[in-house]
Participant: 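Take this structure first; my questions come after.
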Amino acid sequence: MSLLKVTVSTLAIAAVSAGAAAARDNIQTAGSSTVLPYATIVAEAFGENFDFPTPVVESGGSGAGRKKLCEGVGENTIDIANSSSRISQSDIDLCATNGVTEIMEVRFGYDGIVFASDINGASFAFTPADWFKALAAQVVVDGAVVANPNTSWSQVNPELPDQQILAFVPGTKHGTREVFDEKVILTGCEESGAMEVFAAENGGDEDKAEEMCMALRTDGVSVDIDGDYTETLSRIAANPNAIGVFGLSFYQNNTDKLQVATMSGVTPSVDTVASGEYPVSRPLYFYVKKAHLGVIPGLQEYIDFFVSDDIAGPNGPLAEYGLVSDPELAATQEAVAAGTVMGPLN
(Lines give C-alpha, C1' and ligand atoms only; values in the text may rest on other atoms or scores of the structure.)
Protein backbone atom coordinates (compact mmCIF):
# COMPACT_ATOMS: atom_id res chain seq x y z
CA MET A 1 0.00 0.00 0.00
CA SER A 2 1.92 3.01 -1.24
CA LEU A 3 -0.60 5.74 -0.47
CA LEU A 4 -2.65 5.76 2.71
CA LYS A 5 -5.50 8.02 3.65
CA VAL A 6 -4.34 8.81 7.17
CA THR A 7 -5.37 12.00 8.92
CA VAL A 8 -4.28 12.47 12.53
CA SER A 9 -7.18 14.69 13.47
CA THR A 10 -8.84 15.45 16.76
CA LEU A 11 -11.65 13.15 15.69
CA ALA A 12 -9.30 10.31 14.86
CA ILE A 13 -7.48 10.64 18.17
CA ALA A 14 -10.54 11.02 20.36
CA ALA A 15 -13.24 9.02 18.60
CA VAL A 16 -13.80 5.87 20.59
CA SER A 17 -16.89 3.70 20.38
CA ALA A 18 -18.90 3.70 23.59
CA GLY A 19 -20.20 0.16 23.16
CA ALA A 20 -19.84 -3.08 21.31
CA ALA A 21 -20.52 -3.30 17.60
CA ALA A 22 -24.08 -4.06 16.63
CA ALA A 23 -22.92 -6.88 14.36
CA ARG A 24 -19.80 -8.92 15.05
CA ASP A 25 -18.17 -8.07 11.77
CA ASN A 26 -16.19 -5.40 13.67
CA ILE A 27 -12.83 -6.08 15.23
CA GLN A 28 -13.05 -5.31 18.94
CA THR A 29 -10.14 -4.05 21.04
CA ALA A 30 -9.86 -2.75 24.61
CA GLY A 31 -7.22 -1.81 27.15
CA SER A 32 -4.48 0.75 27.70
CA SER A 33 -5.29 4.47 27.70
CA THR A 34 -1.70 5.04 26.55
CA VAL A 35 -2.19 2.83 23.50
CA LEU A 36 -5.71 4.19 22.92
CA PRO A 37 -4.80 7.13 20.64
CA TYR A 38 -2.46 4.97 18.55
CA ALA A 39 -5.05 2.21 18.18
CA THR A 40 -7.71 4.79 17.31
CA ILE A 41 -5.53 6.32 14.58
CA VAL A 42 -4.91 2.86 13.13
CA ALA A 43 -8.58 1.88 13.36
CA GLU A 44 -9.71 5.03 11.55
CA ALA A 45 -7.09 4.55 8.83
CA PHE A 46 -7.98 0.88 8.51
CA GLY A 47 -11.64 1.72 8.00
CA GLU A 48 -10.70 4.24 5.30
CA ASN A 49 -8.30 1.96 3.42
CA PHE A 50 -9.91 -1.48 3.61
CA ASP A 51 -13.30 -3.00 2.83
CA PHE A 52 -13.88 -3.83 6.49
CA PRO A 53 -15.75 -1.86 9.15
CA THR A 54 -13.72 0.46 11.35
CA PRO A 55 -12.59 -1.51 14.43
CA VAL A 56 -14.11 -0.72 17.81
CA VAL A 57 -11.48 0.71 20.19
CA GLU A 58 -12.21 0.97 23.90
CA SER A 59 -10.06 2.02 26.84
CA GLY A 60 -10.26 0.87 30.46
CA GLY A 61 -6.63 0.19 31.34
CA SER A 62 -4.03 -2.40 30.38
CA GLY A 63 -4.94 -4.86 33.11
CA ALA A 64 -8.65 -4.60 32.38
CA GLY A 65 -8.03 -5.13 28.66
CA ARG A 66 -5.96 -8.24 29.25
CA LYS A 67 -8.63 -9.65 31.55
CA LYS A 68 -11.27 -9.06 28.88
CA LEU A 69 -9.07 -10.86 26.36
CA CYS A 70 -8.93 -13.82 28.73
CA GLU A 71 -12.69 -14.14 29.21
CA GLY A 72 -12.88 -16.80 26.52
CA VAL A 73 -13.13 -17.46 22.80
CA GLY A 74 -16.08 -16.44 20.65
CA GLU A 75 -17.89 -13.52 19.09
CA ASN A 76 -18.97 -12.16 22.48
CA THR A 77 -15.32 -11.65 23.52
CA ILE A 78 -12.75 -9.11 22.33
CA ASP A 79 -10.07 -9.87 19.75
CA ILE A 80 -7.22 -7.65 20.93
CA ALA A 81 -6.00 -6.25 24.26
CA ASN A 82 -3.92 -3.06 24.08
CA SER A 83 -1.29 -2.82 26.81
CA SER A 84 1.39 -0.39 27.97
CA SER A 85 2.95 -3.09 30.14
CA ARG A 86 3.82 -6.67 29.30
CA ILE A 87 1.28 -9.41 29.92
CA SER A 88 1.85 -11.37 33.14
CA GLN A 89 2.02 -15.10 33.61
CA SER A 90 -1.11 -14.86 35.75
CA ASP A 91 -2.91 -13.31 32.76
CA ILE A 92 -1.69 -16.13 30.52
CA ASP A 93 -2.85 -18.70 33.08
CA LEU A 94 -6.28 -17.04 33.31
CA CYS A 95 -6.55 -17.10 29.53
CA ALA A 96 -5.70 -20.81 29.43
CA THR A 97 -8.29 -21.56 32.11
CA ASN A 98 -10.94 -19.95 29.89
CA GLY A 99 -9.83 -21.66 26.67
CA VAL A 100 -7.65 -18.87 25.28
CA THR A 101 -4.60 -21.02 24.66
CA GLU A 102 -2.85 -19.14 21.85
CA ILE A 103 -1.91 -15.48 22.28
CA MET A 104 0.15 -13.41 19.89
CA GLU A 105 2.28 -10.73 21.55
CA VAL A 106 2.84 -7.74 19.25
CA ARG A 107 5.31 -5.04 20.32
CA PHE A 108 4.75 -2.06 18.04
CA GLY A 109 6.88 0.72 19.52
CA TYR A 110 8.06 2.53 22.64
CA ASP A 111 6.91 5.36 24.88
CA GLY A 112 8.36 7.23 27.84
CA ILE A 113 6.71 7.97 31.16
CA VAL A 114 7.12 11.65 31.97
CA PHE A 115 6.52 13.94 34.92
CA ALA A 116 4.84 17.17 33.94
CA SER A 117 3.40 20.21 35.67
CA ASP A 118 1.63 23.44 34.84
CA ILE A 119 3.49 25.34 32.14
CA ASN A 120 3.58 28.49 34.26
CA GLY A 121 4.84 26.78 37.41
CA ALA A 122 8.26 25.90 38.80
CA SER A 123 10.65 23.64 36.90
CA PHE A 124 11.72 20.27 38.30
CA ALA A 125 14.75 18.02 37.90
CA PHE A 126 13.88 14.69 39.51
CA THR A 127 15.58 11.43 40.36
CA PRO A 128 13.70 8.21 41.17
CA ALA A 129 14.84 8.64 44.80
CA ASP A 130 12.98 11.98 44.94
CA TRP A 131 9.72 10.31 43.97
CA PHE A 132 10.21 7.48 46.43
CA LYS A 133 10.91 9.90 49.27
CA ALA A 134 7.90 12.00 48.27
CA LEU A 135 5.28 9.28 47.84
CA ALA A 136 6.33 6.19 49.80
CA ALA A 137 4.19 5.40 52.84
CA GLN A 138 7.34 4.74 54.85
CA VAL A 139 10.82 6.22 54.43
CA VAL A 140 14.11 6.03 56.29
CA VAL A 141 15.11 9.00 58.46
CA ASP A 142 18.37 8.83 60.43
CA GLY A 143 18.48 5.09 59.90
CA ALA A 144 14.96 4.47 61.23
CA VAL A 145 11.83 3.49 59.30
CA VAL A 146 9.13 6.14 59.82
CA ALA A 147 5.84 7.24 58.32
CA ASN A 148 6.62 9.67 55.50
CA PRO A 149 6.87 13.17 57.05
CA ASN A 150 7.60 15.11 53.85
CA THR A 151 5.11 17.75 52.78
CA SER A 152 7.16 19.78 50.28
CA TRP A 153 9.52 18.84 47.46
CA SER A 154 12.32 20.84 49.10
CA GLN A 155 12.09 18.55 52.14
CA VAL A 156 12.63 15.60 49.81
CA ASN A 157 15.58 17.27 48.09
CA PRO A 158 16.78 20.81 48.96
CA GLU A 159 17.54 21.41 45.28
CA LEU A 160 13.85 21.06 44.39
CA PRO A 161 11.31 23.91 44.67
CA ASP A 162 9.68 24.63 48.02
CA GLN A 163 6.33 23.48 46.70
CA GLN A 164 3.66 21.28 48.27
CA ILE A 165 3.87 17.63 47.22
CA LEU A 166 0.79 16.67 45.26
CA ALA A 167 1.10 13.93 42.67
CA PHE A 168 -1.48 12.54 40.28
CA VAL A 169 -0.42 9.01 39.34
CA PRO A 170 -2.21 6.42 37.19
CA GLY A 171 -4.42 4.01 39.12
CA THR A 172 -3.46 0.39 39.59
CA LYS A 173 -5.43 -0.86 36.57
CA HIS A 174 -3.18 1.10 34.21
CA GLY A 175 -0.04 -0.31 32.63
CA THR A 176 1.66 3.04 33.22
CA ARG A 177 1.31 2.44 36.97
CA GLU A 178 3.12 -0.90 36.77
CA VAL A 179 6.07 0.75 35.04
CA PHE A 180 5.98 3.75 37.41
CA ASP A 181 6.07 1.44 40.44
CA GLU A 182 8.98 -0.61 39.10
CA LYS A 183 11.15 1.97 37.31
CA VAL A 184 10.56 4.96 39.56
CA ILE A 185 9.36 3.98 43.04
CA LEU A 186 11.25 0.68 43.37
CA THR A 187 14.37 2.09 41.72
CA GLY A 188 14.16 5.15 43.97
CA CYS A 189 13.83 2.93 47.02
CA GLU A 190 17.03 1.14 46.04
CA GLU A 191 18.89 4.36 45.16
CA SER A 192 17.95 5.99 48.46
CA GLY A 193 19.18 3.04 50.51
CA ALA A 194 15.74 2.37 51.96
CA MET A 195 15.50 -1.07 50.33
CA GLU A 196 18.48 -2.31 52.33
CA VAL A 197 16.99 -0.99 55.58
CA PHE A 198 13.56 -2.48 54.82
CA ALA A 199 15.12 -5.86 54.10
CA ALA A 200 17.12 -5.76 57.34
CA GLU A 201 13.94 -4.95 59.26
CA ASN A 202 12.36 -8.09 57.79
CA GLY A 203 15.16 -10.54 58.37
CA GLY A 204 16.58 -10.12 54.88
CA ASP A 205 13.23 -10.80 53.16
CA GLU A 206 13.63 -8.92 49.85
CA ASP A 207 10.05 -9.58 48.75
CA LYS A 208 8.73 -7.92 51.89
CA ALA A 209 11.18 -5.06 51.37
CA GLU A 210 9.85 -4.52 47.83
CA GLU A 211 6.28 -4.46 49.16
CA MET A 212 7.28 -1.77 51.63
CA CYS A 213 9.04 0.18 48.87
CA MET A 214 5.96 0.24 46.63
CA ALA A 215 3.36 1.01 49.30
CA LEU A 216 2.35 4.61 48.61
CA ARG A 217 0.94 7.22 50.95
CA THR A 218 -2.80 7.35 51.60
CA ASP A 219 -2.93 10.86 53.11
CA GLY A 220 -3.93 12.67 49.92
CA VAL A 221 -0.41 13.47 48.73
CA SER A 222 -0.44 10.68 46.13
CA VAL A 223 -3.71 10.58 44.20
CA ASP A 224 -4.61 7.66 41.94
CA ILE A 225 -6.24 8.65 38.64
CA ASP A 226 -8.41 5.86 37.27
CA GLY A 227 -9.33 7.74 34.10
CA ASP A 228 -7.05 8.56 31.21
CA TYR A 229 -4.43 11.30 30.86
CA THR A 230 -7.05 13.92 30.04
CA GLU A 231 -8.35 13.56 33.60
CA THR A 232 -4.84 14.08 34.98
CA LEU A 233 -4.47 17.16 32.79
CA SER A 234 -7.73 18.62 34.09
CA ARG A 235 -6.65 17.92 37.68
CA ILE A 236 -3.44 19.89 37.09
CA ALA A 237 -5.43 22.75 35.58
CA ALA A 238 -7.40 22.87 38.84
CA ASN A 239 -4.28 22.32 41.01
CA PRO A 240 -1.36 24.18 39.34
CA ASN A 241 1.13 23.03 42.02
CA ALA A 242 0.54 19.36 41.25
CA ILE A 243 2.80 17.02 39.26
CA GLY A 244 1.21 14.52 36.88
CA VAL A 245 2.48 11.24 35.45
CA PHE A 246 1.88 11.02 31.68
CA GLY A 247 2.94 9.16 28.58
CA LEU A 248 5.48 11.05 26.47
CA SER A 249 3.18 11.30 23.47
CA PHE A 250 0.37 12.84 25.54
CA TYR A 251 2.76 15.46 26.92
CA GLN A 252 4.10 16.22 23.42
CA ASN A 253 0.55 16.93 22.29
CA ASN A 254 -0.06 19.29 25.23
CA THR A 255 3.11 21.38 25.42
CA ASP A 256 0.97 24.52 25.46
CA LYS A 257 -0.31 23.48 28.91
CA LEU A 258 2.47 21.42 30.45
CA GLN A 259 6.20 21.59 31.13
CA VAL A 260 8.18 18.40 31.56
CA ALA A 261 10.73 17.53 34.24
CA THR A 262 14.07 15.88 33.68
CA MET A 263 14.69 12.46 35.21
CA SER A 264 18.22 11.65 36.36
CA GLY A 265 19.43 14.59 34.29
CA VAL A 266 17.80 13.49 31.03
CA THR A 267 15.01 15.35 29.24
CA PRO A 268 12.42 12.95 27.84
CA SER A 269 12.10 13.03 24.05
CA VAL A 270 11.66 10.66 21.16
CA ASP A 271 15.43 10.58 20.73
CA THR A 272 16.31 9.92 24.38
CA VAL A 273 13.65 7.21 24.66
CA ALA A 274 14.77 5.57 21.41
CA SER A 275 18.41 5.58 22.55
CA GLY A 276 17.57 4.22 26.01
CA GLU A 277 19.15 7.30 27.62
CA TYR A 278 15.89 8.34 29.28
CA PRO A 279 15.48 5.91 32.19
CA VAL A 280 11.68 5.66 32.38
CA SER A 281 10.64 4.20 29.04
CA ARG A 282 8.62 1.13 28.14
CA PRO A 283 7.56 -0.93 25.13
CA LEU A 284 3.95 -0.80 23.97
CA TYR A 285 2.05 -3.95 23.02
CA PHE A 286 -1.15 -5.40 21.81
CA TYR A 287 -2.20 -9.01 22.35
CA VAL A 288 -4.18 -10.94 19.75
CA LYS A 289 -6.45 -13.93 20.37
CA LYS A 290 -5.20 -16.23 17.62
CA ALA A 291 -8.37 -18.34 17.65
CA HIS A 292 -10.21 -15.32 16.19
CA LEU A 293 -7.95 -15.09 13.12
CA GLY A 294 -9.88 -16.31 10.11
CA VAL A 295 -13.13 -15.97 12.09
CA ILE A 296 -13.43 -12.22 12.70
CA PRO A 297 -13.32 -10.50 9.28
CA GLY A 298 -10.26 -8.34 8.72
CA LEU A 299 -8.41 -9.26 11.91
CA GLN A 300 -5.26 -10.50 10.18
CA GLU A 301 -5.33 -7.55 7.80
CA TYR A 302 -5.69 -5.16 10.74
CA ILE A 303 -2.69 -6.45 12.69
CA ASP A 304 -0.57 -6.55 9.52
CA PHE A 305 -1.60 -2.96 8.84
CA PHE A 306 -0.90 -1.83 12.41
CA VAL A 307 2.75 -2.97 12.32
CA SER A 308 3.44 -1.96 8.72
CA ASP A 309 6.17 0.54 7.92
CA ASP A 310 3.50 2.91 6.61
CA ILE A 311 1.80 3.02 10.03
CA ALA A 312 4.28 2.10 12.80
CA GLY A 313 7.50 3.05 11.02
CA PRO A 314 9.53 6.17 11.85
CA ASN A 315 7.76 8.22 9.17
CA GLY A 316 4.25 6.96 9.85
CA PRO A 317 1.30 8.64 11.57
CA LEU A 318 1.97 6.95 14.91
CA ALA A 319 5.45 8.48 15.02
CA GLU A 320 3.87 11.80 14.07
CA TYR A 321 1.64 11.49 17.14
CA GLY A 322 4.62 10.63 19.40
CA LEU A 323 5.35 6.90 19.14
CA VAL A 324 9.01 5.92 19.26
CA SER A 325 9.32 3.45 16.40
CA ASP A 326 10.65 0.01 17.28
CA PRO A 327 14.07 -0.55 15.66
CA GLU A 328 13.14 -4.25 15.44
CA LEU A 329 9.82 -3.61 13.71
CA ALA A 330 10.76 -5.94 10.82
CA ALA A 331 11.01 -8.87 13.23
CA THR A 332 7.58 -8.01 14.61
CA GLN A 333 6.16 -7.91 11.08
CA GLU A 334 7.57 -11.38 10.40
CA ALA A 335 6.16 -12.78 13.64
CA VAL A 336 2.73 -11.32 12.88
CA ALA A 337 2.73 -12.72 9.36
CA ALA A 338 3.73 -16.15 10.69
CA GLY A 339 1.11 -16.11 13.45
CA THR A 340 3.76 -16.69 16.14
CA VAL A 341 2.25 -17.30 19.58
CA MET A 342 3.67 -16.73 23.04
CA GLY A 343 5.13 -19.38 25.26
CA PRO A 344 5.07 -19.29 29.08
CA LEU A 345 6.94 -16.44 30.75
CA ASN A 346 8.31 -18.59 33.57
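Small disclaimer: the values here were computed from a predicted structure and weren't measured. Scope of the values below: all heavy atoms of this structure, side chains included, with no hydrogens, waters or symmetry mates.
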Participant: Ser152 and Gln163: side chain to side chain contact (heavy atoms under 4.5 Å, CB included), yes or no, with the steps?
Facilitator: CA-CA 5 Å; Ser152 72; Gln163 181 171 302; over 6 Å; no

Participant: Distance alone, cut at 3.5 Å: any donor-acceptor contact between the side chains of Gln155 and Thr151?
Facilitator: yes

Participant: Is a side-chain donor-acceptor pair under 3.5 Å present for Ser269 with Thr272?
Facilitator: yes

Participant: Side chains of Tyr38 and Ser249: donor-acceptor distance under 3.5 Å anywhere?
Facilitator: yes

Participant: Tell me which one of Arg235, Arg177, Arg217 satisfies salt bridge (charged side-chain N to carboxylate O under 4.0 Å, His left out) with Asp224.
Facilitator: Arg177

Participant: As a test of understanding, state which of Val288, Leu69, Val57 forms a side-chain contact (heavy atoms from CB on, under 4.5 Å) with Ile80.
Facilitator: Val288

Participant: State plainly whether the residues Arg86 and Glu182 are in salt-bridge range, i.e. N to O under 4.0 Å.
Facilitator: no

Participant: Do the ring planes of Phe46 and Phe305 sit parallel (below 30°), tilted (30 to 60°) or perpendicular (above 60°)?
Facilitator: tilted

Participant: Starting from the C-alpha separation in whole Å, work towards a yes-or-no answer on ring-ring contact (aromatic ring centres under 6.0 Å, His included) for Phe306 and Phe286.
Facilitator: CA-CA 10 Å; Phe306 200 127; Phe286 61 86; 4.6 Å; yes

Participant: Under a 4.0 Å N-O cut-off, is there an ion pair linking Arg107 with Asp326?
Facilitator: yes

Participant: Just checking, any donor-acceptor pair under 3.5 angstrom between side chains of Thr230 and Asp228?
Facilitator: yes

Participant: Could you check if a side-chain atom of Ile119 sits within less than 4.5 angstrom of a side-chain atom of Asp256, using non-hydrogen atoms only?
Facilitator: no

Participant: The test is side chain to side chain contact (heavy atoms under 4.5 Å, CB included); show your working for Ser62 and Asn82 and say whether it passes.
Facilitator: CA-CA 6 Å; Ser62 297; Asn82 298 318; over 6 Å; no

Participant: With a 4.5 Å limit on heavy-atom distance, are the side chains of Phe180 and Val169 in contact?
Facilitator: yes

Participant: Assess, by modelled atom type and distance only, whether the side chains of Thr176 and Tyr229 contain a donor and an acceptor separated by less than 3.5 Å.
Facilitator: yes

Participant: Decide yes or no on side chain to side chain contact (heavy atoms under 4.5 Å, CB included) for Ile113 and Val245, but give the supporting numbers first.
Facilitator: CA-CA 7 Å; Ile113 294 175; Val245 179; 3.5 Å; yes

Participant: Between Tyr278 and Asp271, is any pair of side-chain heavy atoms under 4.5 Å apart?
Facilitator: no

Participant: Are the side chain of Glu231 and the backbone of Gly227 linked by a donor-acceptor contact shorter than 3.5 Å?
Facilitator: yes

Participant: Please answer: with hydrophobic residues joined when any side-chain heavy atoms are less than 4.5 Å apart, are Val114 and Ile185 in the same cluster?
Facilitator: yes

Participant: Output every pair passing disulfide bond (SG atoms under 2.5 Å apart) with a member in residues 309-346, not counting sequence neighbours, ordered by first then second residue.
Facilitator: none

Participant: Please state whether the rings of Phe250 and Phe246 are parallel, tilted or perpendicular, taking 30° and 60° as the class boundaries.
Facilitator: parallel

Participant: Do the non-hydrogen side-chain atoms of Met212 and Gln138 ever get within less than 4.5 Å of each other?
Facilitator: yes

Participant: So, for Thr262 and Gly265, which heavy atoms are closest and what is the spacing to 0.1 Å?
Facilitator: CB-C, 4.3 Å

Participant: Between Asp79 (side chain) and Gln28 (backbone), is there a donor-acceptor pair under 3.5 Å?
Facilitator: yes

Participant: Mind checking whether Val221 and Leu166 have side chains closer than 4.5 Å, heavy atoms only?
Facilitator: no

Participant: Could you walk me through whether Glu210 and Met195 pass side chain to side chain contact (heavy atoms under 4.5 Å, CB included), step by step?
Facilitator: CA-CA 7 Å; Glu210 287 190 5; Met195 171 79 84; 3.7 Å; yes

Participant: Just say parallel, tilted or perpendicular for the rings of Trp131 and Phe126, cut-offs at 30° and 60°.
Facilitator: perpendicular

Participant: Any salt bridge linking Glu71 with Lys67? Criterion: basic side-chain nitrogen under 4.0 Å from a carboxylate oxygen.
Facilitator: no

Participant: Sequence neighbours left out, what passes ring-ring contact (aromatic ring centres under 6.0 Å, His included) with Tyr251? Give chain and number order.
Facilitator: none

Participant: If you take all heavy atoms of Lys257 and Leu233, which pair is closest and at what distance?
Facilitator: CD-CD2, 3.9 Å

Participant: For the aromatic rings, using the six-membered ring if either is Trp, is the centroid distance between Phe108 and Tyr285 under 6.0 Å?
Facilitator: no

Participant: Can you find a heavy atom in the side chain of Ser88 that is under 4.5 Å from one in the side chain of Leu345?
Facilitator: no

Participant: Any salt bridge between Lys68 and Glu58, counting N to O under 4.0 Å?
Facilitator: yes

Participant: Between the side chains of Glu178 and Ser85, does any donor sit under 3.5 Å from an acceptor?
Facilitator: yes

Participant: Sorted by first residue and then second, give each salt bridge (Lys or Arg N to Asp or Glu O under 4.0 Å) pair with at least one member in residues 127-154; sequence neighbours left out.
Facilitator: none

